[in-house]
Enquirer: 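Here it is, the structure, as structure tokens.
So you know, we letter chains A, B, ... as the sequences are listed, proteins then strands, and number each from 1.
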Amino acid sequence: MSETKPRKTYDPTALEHRWQERWAESSLYETDQGPAKPKHYALTMLPYPSGDLHVGHWYAMTPSDTRARFMRMNGYRVFFPIGFDAFGLPAENAAINRGIHPYKWTMSNIENMRGQLRQMGAMFDFDAEVVTCDPEYYRWNQWFFLKFFEKGIAYRDYAPVDWCPKDNTTLAREQVVGPDRRCERCGTPVIKKDLAQWLFRITDYAEELLDFSKIEWPERVETLQRNWIGRSEGAEISFDIEGYGPIEVFTTRPDTLFGATFFVMSPEHPAVEKITTPEQADEVQAYVEKANRMSEIDRTDVTREKTGVFTGAHAINPANGQRIPVYAADYVLMGYGTGAIMAVPGQDQRDWDFAAKYDLPIIRTVEPPDGFDGEAYTGEGPAINSEFLDGLGIEDAKKRMIEHLAEQGNGRAAVTYRLHDWLISRQRYWGTPIPIVYCDDCGTVPIPEEDLPVLLPEDAEFTPTGESPLKLDEDFRYTECPSCGGRAERETDTMDTFMDSSWYQYRYLSPHYDEGPFDPEVGERWLPVDQYTGGIEHAVMHLLYTRFFTKVMRDLGLVDFDEPMSRLFNQGIILGEDAEKMSKSRGNVVNPQEFVDRYGSDALRCFLMFIGPWDQGGPWDGRGIEGISRFLRRALSLVSEEGSSNAEADPAELNRRTNRTIKKVTEDLKGFRFNTALAALMEHTNYLLAVKEEVEDSEWAEALRTFARLLAPLAPHHAEELWAKLGEPHSVHEQRWPGWEESLIKTEEITLIVQVNGKLRDRLDAPADISEEAAKELALSSEKVGPHVEGREIRKSIYVPGRLVNIVVA
RNA sequence: GCCGGAGUGGCGGAAUGGUAGACGCGCCGGACUCAAAAUCCGGUGGCCGCAAGGCCGUGUGGGUUCGAGUCCCACCUCCGGUACCA
């Protein structure tokens with residue numbers, strides 16, 4: 001009669017709850033603020049509180065957690081905070097669509113997500129949590145704004161917005177509908193209107209932002225930022241418009257000035273109306289209005305035939321006094337350079353197209369090579385038809401022309417950026433109020449620092465009128481001038497939410513500090529961020545803004561470094577099972593909760609890390625998680641009573657494999673290669689299980705202690721369970737990461753690969769230190785090699801020590 | 001168009017210029033079971049072969065090398081970013 005043991009059930013969620021409670025009780029993840037250890041500030045991009053944790057959050061956060069845990073076990077004191085990016089449009093839309101107040105909606109989402117985050121079992125320091133819609137937080141947005149204002153970095157200017165001329169209101173981008181851009185509410189064609197808005201002078205920092213020498217960021221992000229900043233070197237040249245005065249153009253090709261046969265201004269150029277002759281006025285006005293109504297997409301469609309209108313005016317080419325016609329055309333953009341260009345159809349395809357259509361003269365000023373029969377020639381060549389430039393190469397000609405223009409006083413070398421100043425005004429409710437009042441007597445007056453925060457009123461009418469909702473709140477809108485005490489009006493726009501995320505990493509340090517955005521003493525201990533992780537989608541906006549912010553903070557004396565985050569790693573995107581982007585409409589959204597309930601957090605996080613290289617992302621595979629779950633259960637079974645062995649245990653082999661695994665996992669975790677670290681641990685587990693009953697107790701326990709520590713960053717709950725079952729004191733996460741001995745990894749026996757002409761012919765067992773001669777002899781004596789070399793001349797043989805022999809035959 | 005990144009079994013993927021396909025999923029076979037699930041053991045790139053073994057094989061075509069998934073050149077496809085930027 002065999003004894004029937006009750007089957008041991010594996011219940012990962014119960015196990016995980018148990019450990020999460022124990023961790024909380026023992027304050028295991030309270031941040032070590034002591035100076036004894038080197039610091040490591042690990043930061044994962046803060047989530048937007050949309051309601052539930054998405055599998056994408058798990059994909060972003062749990063590998064970051066693994067890395068933070070790894071650093072902690074490697075002797076660092078680690079700060080790993082989390083918070084919520086709580087202002088923004090979705091909350092306002094929920095309010096509009098469902099009548100829930102944005103605050104209520106946001107806070108209940110946060111409450112929900114906090115629970116889900118805890119379930120993740122990550123080592124987040126929840127005491128450091130930041131919620132950006134909290135006045136305790138946004139107060140400092142306002143404080144920064146005031147500092148920026150004082151320093152001249154924040155300024156107010158007119159910037160184009162969509163405007164409904166019938167309703168007299170600004171429209172958000174999504175309120176402009178249809179291909180002909182009409183107002184969502186009244187159907188009136190929308191126009192662009194310049195509205196006074198607040199901007200930050202990020203362009204003042206353009207040059208410094210192009211310098212990445214102080215950070216280790218992915219090449220990809222640097223390239224994206226570089227392209228975004230879009231530095232162009234060239235010249236500004238002043239053209240005199242007959243009867244009006246000078247208008248500047250920017251060009252990267254001042255050497256082609258002799259080929260400028262017409263002049264083009266953007267329809268939005270403020271001078272267009274002024275230079276237009278009376279005969280052309282109607283036509284020009286019609287064209288400008290039409291251009292205003294066109295969507296960005298249509299406007300910038302390269303395949304569209306170029307259009308334009310003659311203004312009746314003429315410009316004088318400063319190089320040769322030529323009188324050239326001035327056009328307004330929408331292929332010239334107001335947002336780049338000066339909004340006006342000199343058109344050189346001989347060397348620019350766009351100008352060529354325009355010239356061909358409007359029958360304008362074409363002059364080449366760069367000699368194309370023989371046989372060139374294209375249109376505009378954009379390549380290299382000596383200058384022609386250019387008087388004093390003739391014969392010069394492009395670079396010399398540019399230089400010479402700039403000198404010439406400078407002497408004449410109508411041009412100079414200039415650099416232009418694609419980057420624009422950062423427009424932070426939003427005509428929205430759910431954001432940080434801009435701390436400014438407008439007084440009839442005193443003008444633009446900043447709210448005094450000590451009066452911050454300017455609270456966002458609770459009861460605003462936040463239904464979409466296109467106006468800033470705060471404008472409808474009279475109690476908020478009308479106030480006293482802080483300067484003269486007279487009646488004044490508040491700024492009713494709110495701030496872009498990118499403002500919130502530009503400096504949150506500083507607030508985490510001391511979220512309740514009330515004498516500044518962060519406690520400088522704490523900052524001293526933790527700044528800057530050592531390792532930032534997040535999605536590539538933030539490569540240009542958020543990551544550029546936060547760099548900018550830090551540089552301004554440096555210039556304000558708040559920090560003494562130049563870059564906010566020393567190292568950055570971008571994870572990829574987790575896709576649906578169909579390898580498409582997850583979306584509700586596709587019905588391929590994976591709900592992490594389902595998988596947590598069924599397999600546990602460790603299984604979910606390990607599976608996400610196992611799926612492939614973290615920076616690559618990839619499709620979810622619901623069945624694949626079974627394999628991870630099996631692995632975790634097998635790992636636990638290493639300490640269970642039952643078991644059988646089917647392999648011989650060689651203590652040296654056990655040692656060798658353990659050391660090899662330590663090395664592999666260590667290097668992989670260092671390099672964010674979680675997938676191969678897990679593969680190595682699986683392989684090791686399989687080996688350990690195979691030899692389980694054959695290993696002596698003390699050696700076995702040692703091997704398992706090492707294994708538990710290696711597993712700890714990846715599967716924190718299971719590793720803790722394993723550690724406890726080994727009878728070790730709480731907690732595995734406070735243990736030192738194991739080291740390895742290189743000499744123990746080496747084997748005495750190797751598999752010698754034998755190739756003939758580079759083709760694998762045999763694998764032979766050989767001593768690791770086999771000499772070249774012996775190896776070659778051994779190779780030639782192989783039966784499998786014989787037929788391939790017989791009767792052929794051996795030309796040479798290559799020996800790679802400890803690896804292979806390649807015999808080259810004729 | 002321009003700038004990135006990537007193309008490897010049925011699938012996700014692994015591979016300091018040196019054994020292609022580690023690890024996992026799936027599948028096939030076996031053990032256990034009355035049976036199934038779970039679990040455990042074995043197998044699993046394709047073609048030829050009873051077997052031993054052989055040939056082919058990392059998007060395509062060339063090249064460098066004793067040896068190429070890996071390096072170089074040209075091209076194709078997919079993904080991402082960006083675009084009348086003067």
Side-chain angles (χ1 to χ4, degrees), chain A residues 7 9-10 218-224 226-228 230-232 234 249-253 256 264 266 299-304 306 329-333 335-344 347-351 353-354 416-419 536-537 539-540 572-573 575 579 581 607 610-613 615-628 630-631 633-634 637 642-644 646 673 675-686 689-690 751-763 783-784 787 795-800 802-809:
Chain A
R7 177 164 286 280
T9 49
Y10 168 61
E219 194 68 43
R220 196 159 48 131
V221 175
E222 292 188 17
T223 306
L224 283 168
R226 216 170 261 130
N227 292 344
W228 186 263
R231 182 182 198 274
S232 284
V249 302
F250 174 77
T251 177
T252 53
R253 292 295 302 277
T256 63
V264 190
S266 166
R299 175 76 184 266
T300 55
D301 177 8
V302 196
T303 58
R304 205 178 101 240
K306 299 209 171 2
D330 63 11
Y331 80 94
V332 172
L333 308 174
Y336 186 77
T338 64
I341 61 157
M342 62 182 215
V344 187
Q347 266 80 230
D348 185 288
Q349 188 61 44
R350 297 158 299 183
D351 297 344
D353 295 342
F354 193 83
T416 290
Y417 302 93
R418 204 189 87 108
L419 179 74
I536 187 74
E537 67 273 19
V540 280
I573 300 167
L575 304 171
K581 213 169 167 172
F607 176 61
F610 185 65
I611 235 167
D615 53 350
Q616 229 172 273
W620 171 264
D621 173 8
R623 283 181 308 193
I625 194 171
E626 297 268 3
I628 287 285
R630 246 170 251 164
F631 157 66
R633 202 178 39 71
R634 280 161 67 81
S637 75
E642 37 194 85
S644 64
N646 51 15
R673 293 181 297 271
N675 56 330
T676 46
L678 275 161
L681 284 172
M682 287 175 179
E683 207 174 347
H684 195 49
T685 304
N686 292 342
L689 278 173
T751 304
L752 184 73
I753 300 308
V754 182
Q755 299 180 335
V756 177
N757 286 352
K759 269 194 177 202
L760 176 77
R761 292 303 173 188
D762 204 359
R763 299 175 175 137
E783 279 173 23
K784 292 177 186 169
R795 288 216 176 133
K796 64 168 160 178
S797 48
I798 279 84
Y799 174 61
V800 182
R803 276 188 173 261
L804 68 80
V805 171
N806 186 12
I807 300 160
V808 184
V809 298

Enquirer: Give the nucleotide from the list B/C66, B/G12, B/C23 with an atom nearest to the side chain of A/Ala679.
Expert: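 From the listed options, B/C23 comes nearest.
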Enquirer: Return whichever of A/Val800 or A/Gly624 has its heavy-atom-nearest nucleotide of RNA chain B closer to the 5' end.
Expert: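 First, find each residue's nearest nucleotide; the 5'-ward one identifies A/Val800.
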Enquirer: Starting at atom CZ of A/Arg350, determine the distance to atom C1' of B/G1, rounded to an integer number of angstrom.
Expert: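 Nearest whole value for this atom pair: 12 Å.
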Enquirer: Atom CG of A/Asp762 and atom P of B/G67: how far apart are they, to the nearest Å?
Expert: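 Those two atoms, CG and P, are 21 Å apart.
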Enquirer: Could you check which of B/C84, B/C40, B/A86 has an atom nearest any side-chain atom of A/Tyr336?
Expert: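 The answer is B/A86.
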Enquirer: Taking the side chain of A/Arg623 as its heavy atoms from C-beta onward, which of B/U82, B/C25, B/C40 lies nearest to it?
Expert: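 The closest nucleotide is B/C25.
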Enquirer: Say we look at B/C73 and B/C48: how far apart would their P atoms be, to the nearest angstrom?
Expert: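 Per the computed distance, 40 Å lies between those P atoms.
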Enquirer: Does B/G26 pair with anything, Watson-Crick or G-U wobble, both distances under 3.5 Å, and if so, with which nucleotide?
Expert: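 Pairing partner: B/U44.
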Enquirer: In whole Å, I'd like the distance from the CD atom of A/Gln349 to the P atom of B/C2.
Expert: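 Checked: the CD to P distance equals 14 Å.
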Enquirer: What does B/U16 pair with, Watson-Crick or G-U, if both distances are under 3.5 Å?
Expert: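 Paired with no nucleotide.
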Enquirer: Answer yes or no: does a side-chain N or O of A/Thr676 lie under 4.0 Å from OP1 or OP2 of B/C23?
Expert: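 False: A/Thr676 side-chain N/O out of range (4.0 Å or more) of B/C23 OP1/OP2.
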Enquirer: Considering every strand and a 4.0 Å limit on heavy-atom distances, what is the contact class for A/Arg634: base, sugar-phosphate, or nothing?
Expert: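 Result for A/Arg634 = sugar-phosphate.
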Enquirer: What does A/Ile341 touch in the nucleic acid at a heavy-atom separation under 4.0 angstrom: a base, only the sugar-phosphate, or nothing?
Expert: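 Base contact.
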Enquirer: Look at the side chain of A/Gln616 and the base of B/G5, then say whether one donor and one acceptor between them are separated by less than 3.5 Å.
Expert: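 There is none.
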Enquirer: Using the C1' atom in both, what is the distance from B/C25 to B/U44, to the nearest Å?
Expert: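 Between the two C1' atoms, the distance is 13 Å.
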Enquirer: Is there a side-chain contact between A/Arg630 and the phosphate of B/U39, meaning an N or O under 4.0 Å from OP1 or OP2?
Expert: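 So the side-chain polar atoms of A/Arg630 do come within 4.0 Å of the phosphate oxygens OP1 or OP2 of B/U39, strictly under.
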Enquirer: Could you identify the nucleotide paired to B/A6, looking across every strand shown and requiring Watson-Crick or G-U wobble geometry with both distances under 3.5 Å?
Expert: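 By the stated definition (distances under 3.5 Å), B/U77 pairs with B/A6.
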Enquirer: Searching all strands shown, indicate the nucleotide that pairs with B/C34 (Watson-Crick or G-U wobble; both distances under 3.5 Å).
Expert: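 B/C34 is unpaired by these criteria.
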Enquirer: Syn or anti for B/G17, taking syn as within 90° of 0?
Expert: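 Anti, since the glycosidic angle lies more than 90° from 0.
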Enquirer: Does A/Glu683 reach a base, just sugar-phosphate, or nothing at all? Heavy atoms under 4.0 Å.
Expert: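 Sugar-phosphate contact only - A/Glu683 comes under 4.0 Å of backbone atoms but never of a base.
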Enquirer: Rounding to an integer number of angstrom, what distance separates B/U70 and B/G59 when you compare their P atoms?
Expert: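 It works out to 8 Å between them.
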Enquirer: Strictly by Watson-Crick or wobble contacts shorter than 3.5 Å, is anything paired with B/G1, and which nucleotide is it?
Expert: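 Its partner is B/U82 (Watson-Crick or G-U wobble, both distances under 3.5 Å).
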Enquirer: Say you pick atom C1' in B/G7 and the same atom in B/G18; how far apart are they, in whole Å?
Expert: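 The answer is 24 Å between these two C1' atoms.
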Enquirer: Taking only N and O in the side chain of A/Arg220, is any of them less than 4.0 Å away from OP1 or OP2 of B/C3?
Expert: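 Indeed not, no polar side-chain atom of A/Arg220 lies that close.
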Enquirer: What is the distance from OH of A/Tyr331 to C1' of B/A83, rounded to the nearest Å?
Expert: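 Atom-to-atom, A/Tyr331 to B/A83, this comes out as 16 Å.
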Enquirer: Between the base of B/U82 and the side chain of A/Arg418, is there a donor-acceptor distance below 3.5 Å?
Expert: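 Checked by distance alone, the answer is no.
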Enquirer: A/Thr252 side chain to A/Gly234 main-chain N or O, any donor-acceptor pair under 3.5 Å?
Expert: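 Flag not set: sc A/Thr252 to bb A/Gly234 has no pair under 3.5 Å.
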Enquirer: Test of understanding: with ring pair (Phe, Tyr, Trp, His ring centres under 6.0 Å), list the residues that count as partners of A/Phe607, not counting sequence neighbours.
Expert: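 Partners of A/Phe607 by the ring pair (Phe, Tyr, Trp, His ring centres under 6.0 Å) criterion, ordered by chain and then number, come out as A/Trp620.
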Enquirer: B/G4 phosphate, OP1 or OP2: any side-chain N/O from A/Arg226 under 4.0 angstrom?
Expert: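 No, because none of the side-chain N or O atoms of A/Arg226 sits under 4.0 Å from OP1 or OP2 of B/G4.
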Enquirer: Round to the nearest Å and state the distance from A/Leu760 atom CG to B/G57 atom P.
Expert: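 Interatomic distance, CG of A/Leu760 to P of B/G57: 15 Å.
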Enquirer: Roughly how many Å is it from NZ in A/Lys796 to P in B/C66, rounded to a whole number?
Expert: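 It is 5 Å, rounded to the nearest whole Å.
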Enquirer: In this structure, how many angstroms lie between the C1' atom of B/G12 and the CD1 atom of A/Ile628, rounded?
Expert: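 Interatomic distance, CD1 of A/Ile628 to C1' of B/G12: 11 Å.
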Enquirer: Which nucleotide, in any strand shown, forms a Watson-Crick or G-U wobble pair with B/G67, with both distances under 3.5 Å?
Expert: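 Partner of B/G67: none.
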Enquirer: When the P atoms of B/U64 and B/A68 are compared, how many Å lie between them, rounded to an integer?
Expert: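 It comes out at 11 Å once rounded to the nearest Å.
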Enquirer: Of all the nucleotides listed (B/C55, B/U19, B/G4), which has the minimum atom distance to the side chain of A/Arg761?
Expert: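 The answer is B/C55.
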Enquirer: For the side chain of A/Leu804, counting heavy atoms from C-beta on, which of B/G18, B/C84, B/A14 is nearest?
Expert: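 For the A/Leu804 side chain, the nearest candidate turns out to be B/G18.
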Enquirer: Contact class for A/Asp621 (heavy atom, under 4.0 Å): base, sugar-phosphate, or nothing?
Expert: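 Touches sugar-phosphate only.
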Enquirer: In whole Å, measure the gap between the C1' atoms of B/C66 and B/C27 for me.
Expert: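 Nearest-Å result for B/C66 against B/C27 at atom C1': 40 Å.
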Enquirer: I'd like to know whether CZ of A/Arg795 has more than 12 heavy-atom contacts from other residues, nucleotides or ligands below 6.0 angstrom.
Expert: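 Atom CZ in A/Arg795 is not packed in, count stays at 12 or less.
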Enquirer: Checking contacts here: which listed nucleotide (B/A86, B/G81, B/G18) is nearest the side-chain heavy atoms of A/Leu224?
Expert: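 From the listed options, B/G81 comes nearest.
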Enquirer: Describe the nucleic acid contact of A/Arg763 in one word from base, sugar-phosphate, nothing, applying a heavy-atom distance below 4.0 Å.
Expert: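 Contact class for A/Arg763: base.
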Enquirer: With a cut-off of less than 4.0 Å, is there a side-chain N or O of A/Asn686 near OP1 or OP2 of B/G24?
Expert: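 Answer yes for this pair, as a side-chain N or O of A/Asn686 is under 4.0 Å from OP1 or OP2.
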Enquirer: Reckon A/Ile611 touches a base, only the sugar-phosphate, or nothing at all at heavy-atom distances under 4.0 Å?
Expert: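 The residue A/Ile611 makes sugar-phosphate contact but no base contact.
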Enquirer: Distance-only, no hydrogens or angles: does the A/Asn757 side chain make a donor-acceptor pair with backbone N or O of A/Val809 under 3.5 Å?
Expert: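 It does hold such a pair.
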Enquirer: When the distance from CZ of A/Phe631 to P of B/A22 is rounded to whole Å, what number comes out?
Expert: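 Computing the A/Phe631:CZ to B/A22:P distance gives 18 Å.
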Enquirer: Looking only at side-chain N and O atoms, does A/Asn675 come under 4.0 Å of OP1 or OP2 in B/A14?
Expert: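 Yes, A/Asn675 has a side-chain N/O under 4.0 Å of OP1/OP2 on B/A14.
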Enquirer: Can you tell me if the side-chain N/O atoms of A/Lys759 get under 4.0 Å from OP1 or OP2 in B/G57?
Expert: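 For A/Lys759, the contact criterion (side-chain N or O under 4.0 Å from OP1 or OP2 of B/G57) is not met.
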